[in-house]
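In what follows, every heavy atom counts, from backbone to side chain, and hydrogens, waters and symmetry copies are set aside. Fair warning: this is a prediction, and the values are worked out from it, not measured in the lab. Heads up: numbering here begins at 1 and tracks the sequence.
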Amino acid sequence: MRAWLAPGLCLVAGWAGAQPPSLAQADDAWNRLRQQGEAAALAPLLAEDRLLTRSDGRMQHKADDLQALATRPRRTPRIDNEDVRIRRYGDTAVATGTSVQAAVSDGQPWQGRLRVTRVWELRDGRWQRVASHSSRRAPTGP
C-alpha cells in the first residue's frame, strides 16, 4: 500500500505540477478518495462515459456513482488492494487485482474480497477510469 495520500489529493484535484500522477498513484487515489467520500475530487478520475459493472451485475454510470458517493448510503472505511498488476497498451491500461473491503451499506455492515478489473485511458494528459468490473471472491476455508 502506498502512503502518498496528501500529495495525491492535490494532484488529483487540479493535476498540480508539470506531471500528472502515475497510473499507480491515480489507482491508489481512487481508493483513498472513495473511503473519504470525496465525490468532487474523484470526478476528474472518471471519464464521462465510464461504466461500472458491480459484483451483483448492476451497471452504474459516472453521475450515479458520484451521486451515491456524495449522499453516502454506503460508507467504505476499508479498501486495500492486493496483487495489483497493471498492464499498459499505449494510452490504455488495465489494472487487475484483489480489493479487500469493509463497508456499511444502508446500515448493514459488509466485508469481502473482490476480484477487480479497472480500465484506464490517458486522456488530455491525465489518467481516467473508463470501465470497472468487480466479482465477489468465494470465501476461503478456515
Side-chain angles (χ1 to χ4, degrees), residues 1-140:
M1 188 60 53
R2 292 170 189 84
W4 68 277
L5 178 59
L9 286 173
C10 176
L11 289 171
V12 169
W15 304 116
Q19 294 292 318
S22 71
L23 178 55
Q25 288 173 320
D27 201 54
D28 283 347
W30 167 260
N31 291 328
R32 301 291 73 79
L33 293 169
R34 188 155 192 85
Q35 284 179 284
Q36 297 168 357
E38 295 289 338
L42 274 172
L45 286 173
L46 299 177
E48 289 303 317
D49 59 348
R50 181 271 198 158
L51 187 61
L52 165 64
T53 305
R54 294 195 164 279
S55 62
D56 62 6
R58 289 181 296 131
M59 307 292 277
Q60 193 168 37
H61 296 275
K62 176 182 179 173
D64 299 329
D65 194 18
L66 292 176
Q67 176 65 26
L69 186 62
T71 58
R72 303 298 303 254
R74 176 179 168 148
R75 298 189 192 305
T76 311
R78 178 181 178 204
I79 304 174
D80 294 318
N81 287 334
E82 298 175 351
D83 62 27
V84 174
R85 181 175 175 206
I86 297 174
R87 295 179 314 267
R88 188 165 173 183
Y89 308 97
D91 287 344
T92 303
V94 178
T96 58
T98 299
S99 181
V100 181
Q101 298 184 16
V104 176
S105 184
D106 296 322
Q108 298 298 315
W110 176 88
Q111 63 181 0
R113 299 172 66 80
L114 302 156
R115 287 297 298 166
V116 295
T117 302
R118 299 179 295 266
V119 181
W120 295 84
E121 188 173 7
L122 191 57
R123 294 180 174 180
D124 299 322
R126 66 179 184 200
W127 287 104
Q128 290 190 305
R129 192 177 288 188
V130 296
S132 303
H133 180 270
S134 62
S135 299
R136 292 179 198 246
R137 291 189 65 168
T140 58

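One distance of note links CZ of Arg32 with CD of Glu38; it measures 13.0 Å at 0.5 Å rounding. Note: Leu51 CG to His133 NE2 = 10.5 Å, rounded to the nearest 0.5 Å. Separation of atoms CG (Leu23) and CD (Glu121) is listed at 12.0 Å; rounding is to 0.5 Å. Of the inter-residue distances, the one linking Asn31 atom CG with Thr76 atom OG1 reads 10.0 Å to the nearest 0.5 angstrom. The distance from atom CG of Asp91 to atom CH2 of Trp120, rounded to the nearest 0.5 Å, is 14.5 Å. Distance check: Gln101 CD to Arg136 CZ gives 9.5 Å after rounding to the nearest 0.5 Å.
The residue from Thr117, Asp56, Val116 that alone fulfils the side-chain contact (heavy atoms from CB on, under 4.5 Å) condition with Ser134 is Val116.
Side-chain contact check for Gln60 and Arg54: at least one donor-acceptor pair (N or O, by modelled atom type) lies under 3.5 Å. Checked by atom type, the side-chain pair Thr98/Arg113 shows no donor-acceptor distance below 3.5 Å.
The two residues Gly37 and Leu69 come nearest to each other via the heavy atoms CA-CD1, 3.8 Å. Closest approach of Trp127 and Ser22 over heavy atoms only: CD1-C, 4.0 Å. Of all heavy-atom pairs between Ala47 and Arg123, the closest is CB-NH1, 3.1 Å. The shortest non-hydrogen separation linking Pro77 to Ala102 is CD-O, 3.1 Å. Pro44 and Gln128 make their closest contact through O-NE2, 3.2 Å (heavy atoms, listed as atom of the first residue, atom of the second, distance). A pairwise comparison of heavy atoms in Arg34 and Asp65 identifies NH2-OD1, 3.2 Å as the closest pair.
Around CG of Asp49, the count of heavy atoms belonging to other residues, nucleotides or ligands within 6.0 Å exceeds 12. More than 12 heavy atoms of other residues, nucleotides or ligands lie within 6.0 Å of CZ in Arg87, so this atom counts as buried by the packing criterion. The number of heavy-atom neighbours closer than 6.0 Å to CD of Gln111, taken from other residues, nucleotides and ligands shown, is 12 or below.
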### Query
Going through the checks in order, is the side-chain contact (heavy atoms from CB on, under 4.5 Å) test met by Arg58 and Asp64?
CA-CA 12 Å; Arg58 289 181 296 131; Asp64 299 329; over 6 Å; no
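A salt bridge links Asp27 and Arg129; the closest N-O separation between the charged side-chain nitrogens and carboxylate oxygens is under 4.0 Å.
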